[in-house]
Amino acid sequence: MDYSRIIERLLKLAVPNHLIWLIFFYWFFHSSMNVVAELMRFGDREFYRDWWNSETVTYFWQNWNIPVHKWCIRHFYKPMMRRGVPRWAAQTAVFFASAFFHEYLVSVPLKMFRLWAFMGMMSQIPLAWFVGRFLRGNYGNAAVWISLMIGQPIAVLMYVHDYYILNYGIGS
């Protein structure tokens, strides 16, 4: 594997991948969920907060998908806290569950279990610690955006590579 080609493909994939992600975000969280809320006369329309201004990775994960975040707090985090689990352990367990479901959503359609999405999600834990501890303001926001723009394309390349090897072999 040629590392210069990997970097080139990663950078070529980063911008289109991120634009598709932003378009999906707008379509789903802003347009579709508001249409459904309007049809159902649902009053609470806080589906996301200002995640684009995130100065920490933790703030991003707490604000980009409010319905899932609230569900995780209600069904995972608070029951663990009531049982006396330390705060950091409860947060890590919730993130572990989220990482599992992200991997599941990728593995089932591709029919291959590789743990790339899981590892990508779990790598957010040390990244969150680093950004929260050492980067402030615009530097923290830049770190969040870089992780968003580079993280998904890395996982996509890993899955494409493994899919190609599984289905077409090394020498094909």
Side-chain angles (χ1 to χ4, degrees), residues 1-33 47-69 72 88 91-172:
M1 292 177 47
D2 181 16
Y3 289 111
S4 63
R5 291 182 83 189
I6 292 171
I7 299 295
E8 174 195 1
R9 289 178 181 164
L10 175 68
L11 295 176
K12 281 184 177 179
L13 188 59
V15 173
N17 179 77
H18 194 65
L19 288 175
I20 290 168
W21 187 80
L22 288 172
I23 290 167
F24 173 78
F25 174 83
Y26 179 80
W27 169 78
F28 185 74
F29 286 100
H30 190 73
S31 301
S32 297
M33 290 186 89
F47 303 119
Y48 60 91
R49 293 189 192 120
D50 64 336
W51 57 265
W52 49 88
N53 291 327
S54 300
E55 294 180 3
T56 64
V57 176
T58 306
Y59 185 85
F60 168 79
W61 284 109
Q62 292 172 345
N63 291 287
W64 94 272
N65 189 345
I66 298 297
V68 169
H69 178 68
C72 287
W88 68 269
Q91 288 174 333
T92 303
V94 170
F95 212 74
F96 186 88
S98 178
F100 169 78
F101 285 113
H102 277 82
E103 180 62 40
Y104 182 77
L105 288 172
V106 175
S107 295
V108 169
L110 293 177
K111 297 178 184 167
M112 60 182 209
F113 183 70
R114 288 291 183 259
L115 291 177
W116 296 122
F118 181 83
M119 299 285 280
M121 288 284 296
M122 294 309 285
S123 70
Q124 294 284 304
I125 294 172
L127 178 66
W129 174 83
F130 178 82
V131 171
R133 182 157 181 151
F134 297 110
L135 301 176
R136 295 280 178 241
N138 290 339
Y139 295 110
N141 185 252
V144 170
W145 276 100
I146 289 169
S147 75
L148 290 174
M149 292 186 78
I150 300 298
Q152 282 183 342
I154 289 173
V156 168
L157 283 176
M158 298 306 282
Y159 280 109
V160 167
H161 174 267
D162 289 356
Y163 186 84
Y164 182 82
I165 296 297
L166 281 174
N167 293 295
Y168 301 104
I170 296 172
S172 300

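Because the structure is a prediction, the values reported are computed rather than measured.
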List the residues meeting side-chain hydrogen bond (donor to acceptor under 3.5 Å, both in side chains) with [X], not counting sequence neighbours, and say none if there are none.
X	answer
Asn141	none
Asn65	none
Gln62	none
Glu103	Ser107, Tyr159

What verdict does the ring pair (Phe, Tyr, Trp, His ring centres under 6.0 Å) test give for Phe134 and Tyr139, after you've listed the backbone C-alpha separation in whole Å, the side-chain angles of each residue and the deciding distance to 0.1 Å?
CA-CA 9 Å; Phe134 297 110; Tyr139 295 110; over 10 Å; no
Within the side chain of Thr56, is there an N or O that forms a donor-acceptor pair under 3.5 Å with the backbone of Tyr59?
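Such a contact is found between Thr56 side chain and Tyr59 backbone.
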Whether the side chain of Thr92 engages the backbone of Trp88 through a donor-acceptor N/O pair (distance < 3.5 Å, no angle test) should be reported.
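Yes; judged by distance alone, with no hydrogens or angles, the pair exists.
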Could you label the plane-to-plane angle of the [X] and [Y] rings as parallel, tilted or perpendicular, counting under 30° as parallel and over 60° as perpendicular?
X	Y	result
His18	Trp145	perpendicular
Phe101	Tyr104	perpendicular
Phe24	Trp27	tilted
Trp21	Trp64	tilted

Is there any salt bridge (charged side-chain N to carboxylate O under 4.0 Å, His left out) pair reaching into residues 107-118, and which pairs are they, with sequence neighbours excluded?
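Listed once each, the pairs are Arg114-Asp162.
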Tell me every residue that passes salt bridge (charged side-chain N to carboxylate O under 4.0 Å, His left out) with Arg49, counting only those two or more places apart in sequence or in another chain.
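Scan of Arg49 (salt bridge (charged side-chain N to carboxylate O under 4.0 Å, His left out), adjacent residues dropped) gives Glu46.
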What heavy-atom pair brings [X] and [Y] nearest, and what distance separates the two atoms?
X	Y	answer
Trp61	His69	O-ND1, 4.2 Å
Pro153	Leu13	O-CD2, 3.8 Å
Phe118	Phe100	CD1-N, 3.7 Å

Any chance CG of Asn167 has more than 12 other-residue heavy atoms, nucleotides or ligands included, within less than 6.0 Å?
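It does: Asn167 CG has more than 12 such atoms within range.
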